[in-house]
**Student:** 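Starting off with a structure, shown below.
A, B, ... follow the sequence lines: proteins, then strands. Residue 1 opens every chain.
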Amino acid sequence: MKKALALFLCLVMILSMAACGSKTTTETKPESKPEATQAPASGDKADEKPAANVPELKGPGNVTLKRLGYNTAFDPNDNIGADIIEQSTGYKVEYYMLPSENANEKLIMDISGGADYDAINISMNQFRQLVSQGALTPLDDLLDVYGQDILNSGHSPEVWDALRGDDGHIYAVPYMYPASHEIANFFTVRTDLTKAAGIEKMPTTIDEFYDMLVTLKNYYGDQYIICAGPFYQASEANEAWAVPKTITSAFGIYADWMVVDGKVIHMSEHENFPALLDFMAKLQSEGLIDPDWAVNNETTLKEKFSAGKVIVCAANRALGDYAVPALMENHGVTWDDLDYITALQGSDGTCKYMETTAFNFVTAIPKSSQNAADVVNWWNQRIRDELFITIGEEGVHFNYDDQGGIDPINPIFADERGSSYWYLDVTSAAYGSDLWPSRVRKSAGQWHAFSAVTMNPAPYIEFTTNEFKFKPATENFSTYNTTLFNDTMDFLKQVMAGTRTSADIERLHSDLVVAGLDDVRAELQAYYDAK
Amino acid sequence: MAKKVKSKGIAMDASEKFVTGFAYVLMTIFALIAILPCLHVASKSISGGTYVASGSVWFWPRGFQLETMEYILFETQFFQALKNSLIVTSVGTLISVIVSITTAYPLSKPSFKGRKVVTLLYVFSMVFFGGIVPAYMVVQMLGILDTYAAMILPFAIVQFNMFIIKNYFEGLPETVEESARIDGAGDFTVLTRIVIPMSTPVIATVTLLYAINYWNNYFHAMMYVQSTSMKTLQVYLYDLINSGSSFLENLASGGYTGEGVHTGLSVNITAEGITASAVTLSIIPIVLLYPLVQRFLIKGITIGSVKG
């Protein structure tokens with residue numbers, strides 16, 4: 001009996017392993033399916049002239065497209081955004097969403113399992129993973145035939161190159177982050193309190209900023225939190241900076257990885273990093289910033305600000321949505337009582353702020369789709385009708401102001417175009433500069449800050465290119481960089497809490513080296529050198 | 001001699017009184033620890049947005065409003081998700097109980113040939129789970145992705161629950177079944193007319209365990225569902241909490257214009273308020289049901305563990 005049992009268990013184990021092993025076969029299954037596009041095969045044939053025998057359109061009314069997107073709180077099938085797109089393009093579309101958690105696992109399993117999505121709106125990392133698995137349809141020929149408006153929508157060759165696979169084919173269309181020169185981190189200041197303390201002008205240099213905080217501390221003592229933060233920027237990865245970029249700009253630090261004289265350096269290796277540490281430690285030791293700075297999160301910061309406890313508050317646009325109106329309701333503050341501190345200059349005039357040129361999302365067509373031509377045609381029609389679909393009709397949803405800017409008419413704009421952002425698959429280059437600002441403008445709170453710091457940027461701000469904005473995912477970077485970033489931010493918080501000083505920076509470096517600093521640097525340097 | 005004090009009919013000495021008092025205080029503290037967070041969330045769900053945003057709502061609503069509740073009920077998929085959860089829980093529980101009983105009964109009979117091997121298979125699959133990828137592939141190959149069946153069939157039998165029933169069946173007196181068989185009853189009649197009526201306590205307990213399992217299932221429901229209209233309440237809730245904030249930031253007209261006039265969404269609807277309202281609404285069915293079934297839950301899983 002025991003032998004029989006042992007044999008049985010062995011058999012079960014072998015079958016289990018065989019079942020697990022078959023995953024590989026299944027995941028590569030889409031490759032073995034006939035390509036809907038009939039485009040040239042990938043690999044060595046990439047240099048050949050694209051074949052013109054792309055599939056014919058089935059056309060609106062003859063096909064129902066299936067489009068997968070990221071998670072949102074509303075039902076995209078039951079939203080006016082879906083009706084507007086159908087009205088504009090004629091295509092009937094069913095919309096699906098990834099879950100809010102485990103989205104990557106779900107996406108990979110769905111695509112590996114041959115789910116019949118026609119378009120998938122995904123992050124750049126998800127895109128890279130699917131390209132490497134050969135799960136996406138090459139789009140070059142389809143774009144040539146059905147997507148001329150997309151190709152001519154003003155994106156640079158660099159953008160299109162970032163959407164190519166190793167075989168040289170384009171595998172997705174771009175949905176770019178709309179504001180490349182946005183000052184996404186700033187300070188919101190209650191001028192009703194600063195004026196009472198004798199401060200009439202917002203600081204533009206790091207020294208003026210310090211003097212302002214000292215003046216406020218002398219005037220108000222412990223009645224208010226003089227300066228509270230940090231307020232994280234959620235639009236890009238690695239933006240949970242423990243010190244606002246409004247301050248780091250004055251020290252020439254604008255990203256976690258930078259290029260100085262052709263060499264890739266980590267922010268902790270920047271020559272001004274010790275000075276930044278000393279400055280933040282000084283603010284903390286003199287009681288000029290919130291003692292809870294290290295443990296604050298977005299919710300607690302909003303609560304403190306809207307409860308009227310904070311004079312100078314680290315912020316991004318989102319603070320204006322609910323915290324500022326709540327402050328107004330609770331404390332009688334008006335818009336005239338608010339001002340903003342933009343990126344600060346150092347003593348030597350340095351003010352470096354990173355350009356946010358990045359992909360918000362990209363949209364691709366899985367190989368399992370049988371409607372690739374119609375998807376590209378659908379995208380193309382939406383690019384042609386971008387203004388109507390995303391912003392609306394002049395005189396109904398918006399008016400043009402004297403400067404040609406789009407001024408939304410509320411509440412119809414919020415009601416009928418408020419959710420159009422979710423449906424975006426591809427944007428034109430002009431979308432960010434001409435159309436998107438109106439989406440910020442629909443919120444008075446966001447627009448008040450955005451127009452002050454971004455629409456009228458201080459002339460001394462030097463927007464600096466992120467050299468790694470289109471870098472494909474690489475192994476060491478993916479594995480180690482989040483830890484490197486978090487360890488550096490933790491160190492900054494420890495310095496502010498007084499448990500570390502800038503003298504401990506060597507120890508930080510040795511910890512970072514153990515955590516993979518040199519491995520990541522080597523990858524980034526190789527990428528930069530190859531550019 | 002300790003001073004005697006009079007209680008309702010039973011005299012308690014001072015030390016007993018102290019222990020009783022201490023127990024009351026301790027139980028009250030534990031009850032408050034359990035109930036205060038619920039009260040906090042419920043209060044936030046019906047408080048004014050400005051109070052919620054400024055963190056000044058504790059255990060009693062401030063600036064009473066029902067707009068957030070209305071928004072959850074009529075502008076999101078709350079009812080659809082509730083309907084899905086109710087269908088999955090009721091149908092799933094029924095199927096699971098039937099499958100578990102019909103599996104447990106033969107396995108409880110020593111005369112059933114191959115009993116040990118079959119039991120071993122159940123034990124093995126209880127200890128070793130194949131993983132989500134193979135499970136997903138099975139569901140996908142069965143062609144039931146994005147259906148109620150995908151959220152029910154993979155959990156049609158929970159081995160642990162089946163063993164509870166099996167152990168209970170093994171404790172029933174064999175003589176009762178034998179007398180029924182002498183009267184001409186077959187297996188099905190014995191099971192439905194004799195065994196099941198004698199096993200109502202364990203069946204009630206296992207029914208409750210299955211119902212809780214289906215109601216709370218999040219991960220698999222999330223993995224096997226593609227359409228927004230098929231989300232269960234747990235998936236809906238999780239997504240709303242995770243995505244509600246960014247959704248509102250994009251949708252909101254900020255509640256105010258420069259002149260202080262309300263536009264678009266009400267200022268009462270905040271991300272924190274939405275989360276609180278959704279959580280409050282979603283626990284109402286359980287809160288209503290719990291008093292009716294708690295006695296079965298208290299009997300708990302020990303019911304089948306001791307042979308009678």
**Student:** Are B:M223 and A:E105 side-chain neighbours, meaning at least one heavy-atom pair lies under 4.5 Å?
**Tutor:** yes

**Student:** Just give me the residue among B:T76, B:L145, B:T228 that pairs up with chain A most often, heavy atom to heavy atom, under 4.5 Å.
**Tutor:** B:T228

**Student:** So with a 6.0 Å cut-off around CD1 of B:I35, is the heavy-atom count from everything else above 12?
**Tutor:** no

**Student:** Checking side-chain polar atoms at under 3.5 Å, does A:N330 have a donor or acceptor matched by the opposite partner on B:Y51?
**Tutor:** no

**Student:** Is any side-chain heavy atom of A:P99 closer than 4.5 Å to a side-chain heavy atom of B:M222?
**Tutor:** yes

**Student:** Side chain, backbone, both or neither: which part of A:N102 has a non-hydrogen atom closer than 4.5 Å to chain B?
**Tutor:** both

**Student:** For atom NZ of B:K109, is the number of surrounding heavy atoms from other residues, nucleotides or ligands below 6.0 Å larger than 12?
**Tutor:** yes

**Student:** Less than 4.5 Å to any heavy atom of chain B: does that hold for the side chain of A:Y117, its backbone, both, or neither?
**Tutor:** side chain

**Student:** What are the two closest heavy atoms between B:S227 and A:Y96, and how far apart are they?
**Tutor:** OG-CE2, 3.6 Å

**Student:** Are side-chain heavy atoms of B:Q77 and A:F74 found at a separation under 4.5 Å?
**Tutor:** no

**Student:** Between A:E94 and chain B, which part of the residue has a heavy atom less than 4.5 Å away: side chain, backbone, both or neither?
**Tutor:** neither

**Student:** State whether the side chain of A:K106 and the backbone N or O of B:V225 hold a donor-acceptor pair below 3.5 Å, judged by distance alone.
**Tutor:** yes

**Student:** Just verifying a value: how many Å separate A:H331 NE2 and B:S54 OG, rounded to the nearest 0.5 Å?
**Tutor:** 7.0 Å

**Student:** Tell me, for B:F78 versus chain A, whether the close heavy atoms (under 4.5 Å) come from the side chain, the backbone, both or neither.
**Tutor:** neither

**Student:** Is the backbone N or O of A:G113 less than 3.5 Å from a side-chain atom of B:Q140, with the two atoms forming a donor-acceptor pair by type?
**Tutor:** yes

**Student:** Which region of A:P408, side chain (C-beta onward) or backbone (N, CA, C, O), has a non-hydrogen atom less than 4.5 Å from a non-hydrogen atom of chain B, or is it both or neither?
**Tutor:** neither

**Student:** Could you tell me which portion of A:D336 (side chain, backbone, both or neither) has an atom closer than 4.5 angstrom to a non-hydrogen atom of chain B?
**Tutor:** neither

**Student:** Stepwise, does the side-chain contact (heavy atoms from CB on, under 4.5 Å) test hold for A:M97 with B:K231?
**Tutor:** CA-CA 11 Å; A:M97 288 189 289; B:K231 281 181 185 178; 3.4 Å; yes

**Student:** Which one, B:S229, B:A53, B:G55, leads in non-hydrogen pairs under 4.5 Å with chain A?
**Tutor:** B:A53

**Student:** Between A:S306 and B:T50, is any pair of side-chain heavy atoms under 4.5 Å apart?
**Tutor:** no

**Student:** side-chain contact (heavy atoms from CB on, under 4.5 Å) for A:M109 and B:Y224? Distances and angles first, verdict last.
**Tutor:** CA-CA 10 Å; A:M109 279 200 287; B:Y224 299 150; over 6 Å; no

**Student:** Would you mind checking which part of B:Y236 comes under 4.5 Å of any heavy atom in chain A, side chain (CB onward), backbone (N, CA, C, O), both or neither?
**Tutor:** neither

